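This report concerns only the one structure given below.
Not measured: the values here are computed from a predicted model. In listed order, ligands and their atoms are each counted from 1.
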Amino acid sequence: MKDYILGVDQFLIPFGKRYPFAFNKAKGHWIWDINGRKYLDLTSGISVVNFGHANAKINSAVFKQMRKISHISNYYIIPGQVDLAQEIMRKSFPGKAFFCNSGAEANEAAFKISRIYGNLKKPGKNKILALTNSFHGRTIATISMTGQEKYRKGFEPLIPNIEFIEVNNIKDLQDKFDASTCAIFLEAVQGEGGIIMLSAQFVEEVKILAAKYEALIIFDEIQAGMGRTGEYFGYQNFRIQPDIITLAKAIGNGFPMGAVIVRNDVAESMPYGSHNSTFGGNYTACAAALATFNELNEKLLEKIQKLSKYIQEKLEGLKQEFPAIIKENRVYGLMVGIDLTDKADVATVISALMDKKIMTLRAGANVLRLLPPYTIGRHEIDVFCNALRDVLVPLK
Ligand SMILES: *Cc1c(COP(=O)(O)O)cnc(C)c1O
């Protein structure tokens with residue numbers, strides 16, 4: 001263990017601070033560290049292994065595929081891509097798919113599609129709108145449209161002609177949306193930003209303005225998709241039909257993959273050669289994603305919605321018990337944000353929970369975030385709530 005801590009400092013670029021824990025085994029929502037200690041994972045590796053660690057069916061599909069063929073490149077037909085595209089569209093909307101390897105890449109593709117779509121429509125129609133507090137990835141284009149200074153700082157000059165609208169501010173939306181707008185990027189529920197859901201009125205106004213100015217509505221479903229909010233995709237919480245959705249994180253339940261689904265007529269206007277990927281949608285990734293989509297069904301969504309109600313009730317109880325510490329609970333399916341007042345520092349709360357063998361995440365300014373695997377049940381929610389109570393009592 002000690003060697004690995006030293007090794008991290010010696011051999012890895014310190015891009016991110018790491019907790020001094022290393023894990024080497026996991027199953028469902030349980031994970032074991034290299035010393036054999038068992039933890040309850042309420043993070044799913046940031047909403048990636050949503051269908052449980054070491055999911056037997058998904059693993060078996062991956063092993064089976066790898067014994068046959070794993071990669072050949074997009075110069076040839078990859079049958080799994082066609083099957084997977086159809087499967088995604090059955091749960092979203094008809095269109096065309098492109099497969100890549102991560103969330104940033106999916107948004108990067110959507111960004112390029114938006115620009116080429118706008119520029120072909122009318123010279124100068126290439127303004128991209130995004131929201132404050134958003135998160136869309138770590139490449140240059142995606143930090144350029146991420147509305148949080150901490151991800152952008154130091155990398156200037158960024159990509160021009162991107163404007164930020166204050167999340168859920170309709171006036172700001174009306175002021176900045178115009179004929180030069182080619183697309184607007186939205187997260188149904190902002191994840192990294194602190195579990196903040198779009199308001200129905202805001203989404204309605206997006207619909208009106210996008211229709212008026214012929215701009216694309218893009219939902220970044222990388223965190224809020226794949227059943228996380230209790231719907232297949234986050235946008236399905238609203239009465240809206242997006243032109244593009246981007247997927248990644250849980251799409252392969254841990255196998256790296258990203259996807260972009262684009263409305264038919266927009267996809268058809270893309271010139272040959274305008275975008276591609278070497279790894280994107282290879283046989284193994286498609287097998288992982290197909291098996292993952294096989295797990296994502298109505299029955300599972302019902303389970304997520306039921307557990308969601310249960311967490312809401314339990315957390316409301318805690319809020320009443322600790323009114324000076326818990327400002328607000330925001331629970332959408334199994335996407336949970338517990339907004340803390342300055343009486344509790346979220347980093348301290350996370351460490352204290354880790355001491356109790358429970359893994360949680362932070363988000364936004366001071367929000368405790370849970371993105372548990374869908375394998376959990378009421379018992380695990382009780383375990384978490386009891387542990388959180390123990391952590392909060394001394395802060396009262
Ligand atoms: C994680 C995330 C991304 C970036 O995905 P990567 O796979 O890390 O590139 C983009 N958008 C949202 C909403 C995310 O949560």
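No salt bridge links D382 with R378; every basic N to acidic carboxylate O contact stays at or beyond 4.0 Å.
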For a distance cut-off of 3.5 Å, show me each N or O of ligand 1 paired with any protein N or O, plus the separation.
{"residue": "ligand 1", "atom": "7 (O)", "partner": "G103", "partner atom": "N", "Å": "2.8"}
{"residue": "ligand 1", "atom": "9 (O)", "partner": "G103", "partner atom": "N", "Å": "3.4"}
{"residue": "ligand 1", "atom": "9 (O)", "partner": "A104", "partner atom": "N", "Å": "2.7"}
{"residue": "ligand 1", "atom": "11 (N)", "partner": "F135", "partner atom": "O", "Å": "3.2"}
{"residue": "ligand 1", "atom": "11 (N)", "partner": "D220", "partner atom": "OD1", "Å": "3.4"}
{"residue": "ligand 1", "atom": "11 (N)", "partner": "D220", "partner atom": "OD2", "Å": "2.7"}
{"residue": "ligand 1", "atom": "15 (O)", "partner": "Q223", "partner atom": "NE2", "Å": "2.8"}
{"residue": "ligand 1", "atom": "15 (O)", "partner": "K249", "partner atom": "NZ", "Å": "2.5"}

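Each of L371, L42, I311 was checked for a side-chain contact (heavy atoms from CB on, under 4.5 Å) with L334, and the lone residue meeting it is I311.
The hydrophobic cluster containing I78, built from Ile/Leu/Val/Met/Phe/Trp/Tyr side-chain heavy atoms closer than 4.5 Å, also comprises I69, I72, Y75, Y76, Y283.
With sequence neighbours left out, Q236 forms a side chain to side chain donor-acceptor pair (under 3.5 Å) with no residue at all. Remark: F384 engages no residue in a ring-ring contact (aromatic ring centres under 6.0 Å, His included) (not counting sequence neighbours).
Judged by a 6.0 Å distance limit and a 45° cone about the ring axis, K396 is positioned over the six-membered ring of F322.
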